[in-house]
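For ligands, and for the atoms within them, numbers begin at 1 and follow the listed sequence.
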Amino acid sequence: MISLKDIRYVRIGTANLDDAVRYATQILGLELVRRDRGTAYLRADDRDHTLAYTAGNPREQIVAFEIGCGELEAAAAELDNASYRVRAGTRLECEQRQVDSLIMFDDPSGNAIELVARPAHSGRRYFPSRDAGITGFSHIGLHSIAPRTDEVFWTTVCNARVSDWIGEAPLLRIDPVHHRVALFPSKRSGVQHINHQVESIDDVMRSYYFLREQNVRILFGPGRHPTSGAMFLYFQGPDGMIYEYSSGVRLITDEEGYRPRQFPARNSSYCAWGAVPDIPEFETRQAAGV
Ligand SMILES: [Fe+2]
């Protein structure tokens, strides 16, 4: 079994790199770490980078996970045995990502995944471009063509555990944080949303008013997820990407005793306060007010 230690970065294409960097720094509140002609590296915490925007096709979206030093070869063999096509990253690709080594493959839905070993930490503290109260890059939602098949991959080939389900969508943890990956039923693959944790509900609400003032489309919230307990706000990013701020995510520390819960596919499973999502993958086709 491949032991994922942490979610590490998202690498996504953009039709306009300048606009994406402007949004990531001035709206989202990330720090620009470095930029070459084709790629901008940004971070949300003390790691080298947690988000990379590359000039090109916005559908090119990669999620990276850190695995233990010396475990990449075994992981590649395990994926190969399970009939996944695995490619080792080139020296240049490793240098660009500031990792010691790297392998790449697609999950059953076709989501591009990278596993990295010894990714660089930064010697300097995170210094945000805007004080959004971000404490770190925390999780991603993935589009899933076949959530049950994908769930089997993440929980048997990898070490993910189901924390809860909303309808068909599993929320998966790889450490005590309630979820690091969530798989939402969809007709395509790709990153469905990118989450950053913020310090408190005050930061969620401050950003709510700030984003409205900046004419950023609010997609869901402010609200509270009944599953993770986190207070959240979802909003529109460049190239149709969805970003989320949240605060107060539940930690699952009782690994032995915890049982995943099934929540029905209803709006009240996504928000305990009554917010209604304007996000296709969260739509429940329920009658209003249920
Ligand atoms: Fe989320």
Using atom types as modelled, flag every donor-acceptor pair under 3.5 Å from a side chain in residues 132-142 to any protein atom, sequence neighbours excluded.
residue, atom, partner, partner atom, Å
Thr135, OG1, Gln197, O, 3.3
Ser138, OG, Arg180, NH1, 3.2
His139, NE2, His193, NE2, 3.3
His139, NE2, Glu244, OE1, 3.1

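- Under the 6.0 Å cut-off for aromatic ring centres, Trp273 and Phe220 do not qualify, their centroids lying 6.0 Å or more apart.
- Only protein N, O or S atoms were scored, and 3 of them lie under 2.8 Å from the Fe ion (ligand 1).
- Ring-centre distance between Tyr208 and Phe235: not below the 6.0 Å cut-off.
- In this structure Arg148 satisfies the salt bridge (charged side-chain N to carboxylate O under 4.0 Å, His left out) test together with Glu168, sequence neighbours excluded.
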Donor-acceptor contacts under 3.5 Å from residues 103-112 side chains, at least two apart:
residue, atom, partner, partner atom, Å
Asp107, OD1, Ser109, N, 3.0
Asp107, OD1, Gly110, N, 3.0
Asp107, OD1, Asn111, N, 2.8
Asp107, OD2, Asn111, ND2, 3.2
Ser109, OG, Ile145, N, 2.7
Ser109, OG, Asp150, OD2, 2.5
Asn111, OD1, Gly190, N, 2.6
Asn111, ND2, His143, O, 3.0

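- Environment of CZ in Arg59: sparse, with no more than 12 heavy atoms of neighbouring residues, nucleotides or ligands closer than 6.0 Å.
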